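Accompanying notes for the structure given below.
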Amino acid sequence: MNSERQHTIIIAEAGVNHNGSLQRAREMVKAAARAGADYVKFQTAVPELVISSIAPKAEYQKRLTGEEESQLDMCRAIHLPLSDYRELKSLCESEGIGFMSTPFDLVSIDCLRELGQDWMKIPSGEITNLPYLRKIAAAGIPVILSTGMSTMEEIEDALLVLTGQHPSYPAESSLTKDDIIILHCNTQYPTPYSDVNLRAMLSIKERFGIEVGYSDHTQGLEIPVAAVAMGAKVIEKHFTLDRSLPGPDHKASLEPGELSEMVRMIRNVEQACGDGIKAVSGSEAPNKTVARKSIVAARDIRKGEILSEENITVKRPGNGISPMMWDKVIGTTAIRDFFYDELIETTPLL
């Protein structure tokens with residue numbers, strides 16, 4: 001039984017919702033800090049190293065941004081240059097929130113490793129990218145691994161590469177399973193509730209014996225909160241300063257007030273999950289006397305009378321002899337006179 005109280009790492013996923021504006025990215029850092037998130041996370045990429053000129057947009061990207069520009073041109077417009085991330089990390093430090101960014105290519109891995117961050121976040125699309133996984137493994141920084149579009153076998157392969165244990169794909173690594181958290185994820189924006197499958201998060205934990213969390217792309221707050229109730233160690237949720245802004249991810253993102261509400265709800269659920277030990281809580285202890293019952297006189301009883309089902313019964317309050325002692329009380333002798341409804345007393349032998 002886990003007797004430790006839960007603290008979920010809440011990642012406010014800014015992603016590319018700054019639309020390529022450093023000023024908007026700064027505002028997002030401050031909004032995430034005000035909301036109480038543990039980290040604000042961006043997406044770091046050199047678009048030409050990630051996307052070929054012939055790569056199509058996803059259907060949701062076409063729906064939200066049109067089909068005139070290519071995926072590459074879209075990403076060129078909404079990504080920040082690598083040089084901006086040092087300033088964002090410094091701003092995070094001054095605002096009291098953790099900095100994190102997801103690298104999408106090998107150059108970006110180097111950039112973020114040099115900046116320093118608590119976690120390397122692997123996006124779902126890179127889980128089958130062997131050179132990328134090897135570079136992450138060699139960085140030696142704890143990993144959060146998203147698993148959208150993945151099978152259990154692909155997750156296992158990635159884990160073995162990251163920990164340097166894959167028999168077919170050797171990698172230099174100092175990481176162990178204790179350094180990795182796996183996020184269940186669905187990459188559709190927004191994700192239909194029928195496709196969320198939160199129980200898959202528990203299946204991953206059971207199969208690999210590893211901490212798990214959930215990266216959410218649904219609309220609303222209830223699914224990440226439910227994931228916390230199920231034991232998610234990490235919650236990642238997209239947010240934006242304004243859902244009406246142009247771009248591929250805004251429509252499935254929370255606005256700052258909603259982000260604050262999600263954080264509040266998660267912290268409440270963490271408290272409600274408790275430590276797993278079934279015991280009388282401090283708040284309910286006074287209710288025991290009120291709600292439980294004792295053995296009392298069903299009518300006036302004279303001293304020396306035999307106690308029986310005819311002259312005793314069970315009623316509130318619960319500060320007398322417990323009804324669990326019923327069989328031991330039956331057949332004994334009344335040690336004194338008892339009035340109707342009076343708590344029964346017996347010799348200390350009971």
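Everything quoted here is computed from the prediction, not taken from an experiment. Count residues from 1 along the sequence.
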Subject >> Any Leu106 side-chain heavy atom under 4.5 Å of Asp110 side chain >> reply: no
**OP:** Taking the side chain as every heavy atom from C-beta outward, state whether Asp38 and Ile97 have any atom pair closer than 4.5 Å.
**Re:** no
Original post:
So which heavy atom on Val296 is nearest to which on Leu343, and how close?
Top reply: CG1-CD2, 3.7 Å
Subject >> Aromatic plane relationship, Tyr60 with Tyr189 - under 30° parallel, 30 to 60° tilted, over 60° perpendicular >> reply: parallel
Subject >> Glu309 CD to Trp326 CH2 distance, which is reported to the nearest 0.5 Å >> reply: 6.0 Å
**OP:** Give a yes or no on this: more than 12 heavy atoms of other residues, nucleotides or ligands lie within 6.0 Å of atom CD of Glu153.
**Re:** yes
Subject >> Arg26 (side chain) donor-acceptor with Ser21 (main chain) under 3.5 angstrom >> reply: no
Original post:
Does the Gln71 side chain pair with the main chain of Pro56, one donor and one acceptor, at a distance under 3.5 Å?
Top reply: yes
**OP:** Check whether any side-chain heavy atom of Lys205 sits under 4.5 Å from a side-chain heavy atom of Met230, and report yes or no.
**Re:** no
**OP:** Answer with yes or no whether the hydrophobic clustering places Tyr85 together with Ile78; edges join I, L, V, M, F, W, Y residues whose side-chain heavy atoms lie under 4.5 Å apart.
**Re:** no
Subject >> Main-chain N/O of Met325 paired with Ser322 side-chain donor or acceptor, under 3.5 Å >> reply: no
Original post:
Between atom CG of Leu145 and atom CZ of Phe208, what is the distance when rounded to the nearest 0.5 Å?
Top reply: 9.5 Å
Original post:
Ignoring hydrogens and geometry, is there a side-chain-to-backbone donor-acceptor pair from Asn311 to Ile306 under 3.5 Å?
Top reply: yes
Original post:
Rounded to the nearest 0.5 Å, what separation is found between the CG atom of Leu133 and the CG atom of Asp157?
Top reply: 9.5 Å
Original post:
Does the side chain of Ile182 come within less than 4.5 Å of Leu159's, by heavy atoms?
Top reply: yes
Original post:
Between Leu198 and Val269, is there a shared hydrophobic cluster once you connect ILVMFWY residues whose side-chain heavy atoms come closer than 4.5 Å?
Top reply: yes
Subject >> Check ion pair Arg299-Glu310 (N to O, under 4.0 angstrom) >> reply: no
**OP:** Output yes when Lys135 and Glu126 qualify as a salt bridge under the 4.0 Å nitrogen-oxygen rule, no when they do not.
**Re:** no
Subject >> Evaluation steps, side chain to side chain donor-acceptor pair (under 3.5 Å), between Ser101 and Gln117 >> reply: CA-CA 8 Å; Ser101 191; Gln117 53 182 8; 5.7 Å; no
Original post:
To the nearest 0.5 Å, what is the distance between CE (Met149) and CD1 (Ile127)?
Top reply: 9.0 Å
Original post:
Quick one: do Ile181 and Ile155 end up in the same hydrophobic cluster if we chain Ile, Leu, Val, Met, Phe, Trp and Tyr together by side-chain heavy atoms under 4.5 Å apart?
Top reply: no
Subject >> Glu95 bridged to Arg34 by N-O distance under 4.0 Å >> reply: no
**OP:** Treating Ile, Leu, Val, Met, Phe, Trp and Tyr as nodes and any side-chain heavy-atom pair under 4.5 angstrom as an edge, say whether Phe239 and Leu80 lie in one connected cluster.
**Re:** yes
**OP:** Report, as yes or no, whether the 6.0 Å neighbourhood of atom CZ on Arg336 holds more than 12 heavy atoms from other residues, nucleotides or ligands.
**Re:** yes
Original post:
To which residues is Tyr340 joined in a hydrophobic cluster, defined by side-chain heavy-atom contacts under 4.5 Å among Ile, Leu, Val, Met, Phe, Trp and Tyr, whether direct or through other members?
Top reply: none
**OP:** Answer whether the closest heavy-atom distance between the side chains of Ile330 and Ile312 falls below 4.5 Å.
**Re:** yes
Subject >> Side-chain donor or acceptor of Thr147 paired with backbone N/O of Leu183 under 3.5 Å >> reply: yes
Original post:
Is a side-chain donor or acceptor of Asp105 paired with a backbone partner of Val46 at a separation under 3.5 angstrom?
Top reply: yes
Subject >> Residues Glu27 and Lys30 bridged, charged N to O under 4.0 Å >> reply: no
**OP:** Please determine if Lys89 and Glu93 form a salt bridge, counting it only when a charged side-chain N lies under 4.0 Å from a carboxylate O.
**Re:** yes
Subject >> Distance, nearest 0.5 Å, that separates CD of Gln188 from NE2 of His217 >> reply: 10.5 Å
**OP:** Could you tell me the separation between the CZ atom of Arg24 and the CG atom of Leu22, rounded to the nearest 0.5 Å?
**Re:** 11.5 Å
Original post:
Does a side chain donor of either Thr240 or Ser253 reach within less than 3.5 Å of an acceptor in the other side chain?
Top reply: no
Original post:
Does any donor atom in the side chain of Glu154 or Thr128 lie under 3.5 Å from an acceptor atom in the other side chain?
Top reply: no
**OP:** Apply the side chain to side chain contact (heavy atoms under 4.5 Å, CB included) test between Asp216 and each candidate in Lys237, Glu236, His238, Met262; give the one that qualifies.
**Re:** Lys237
Original post:
Short question: side chain of Glu206, backbone of Ser203 - any donor-acceptor pair under 3.5 Å?
Top reply: no
**OP:** Kindly give the heavy-atom pair with the smallest separation between Pro103 and Pro123, and that separation in Å.
**Re:** O-CD, 3.9 Å
Subject >> Pair Glu59 + Lys62, salt bridge at N-O below 4.0 Å >> reply: yes
**OP:** Name all residues meeting the ring pair (Phe, Tyr, Trp, His ring centres under 6.0 Å) criterion together with His166; count only those two or more places apart in sequence or in a different chain, and write none if there are none.
**Re:** Tyr169
Subject >> Ser146/Lys121 under side chain to side chain donor-acceptor pair (under 3.5 Å): CA gap, chis, key distance, verdict >> reply: CA-CA 8 Å; Ser146 272; Lys121 170 66 196 303; 3.1 Å; yes
Original post:
Taking the six-membered ring for Trp, are Phe104 and His79 parallel (under 30°), tilted (30 to 60°) or perpendicular (over 60°)?
Top reply: perpendicular
Original post:
Linking I/L/V/M/F/W/Y whenever their side-chain heavy atoms sit closer than 4.5 Å, directly or via other members, would Ile144 and Met201 fall into one cluster?
Top reply: no
Original post:
Given Arg316 and Lys293, is the side-chain contact (heavy atoms from CB on, under 4.5 Å) satisfied, shown in steps?
Top reply: CA-CA 4 Å; Arg316 292 178 177 180; Lys293 295 177 179 176; 3.8 Å; yes
Original post:
Hey, are the side chains of Tyr132 and Val161 touching, using non-hydrogen atoms and a 4.5 Å cut-off?
Top reply: no
Subject >> Donor on one side chain, acceptor on other, His184 and Asn197, under 3.5 Å >> reply: no
Original post:
Given side chains that start at C-beta, do those of Trp119 and Ile11 come closer than 4.5 Å, heavy atoms only?
Top reply: no
Original post:
Is there a side-chain contact between Asn17 and Leu241 (heavy atoms, below 4.5 Å)?
Top reply: no
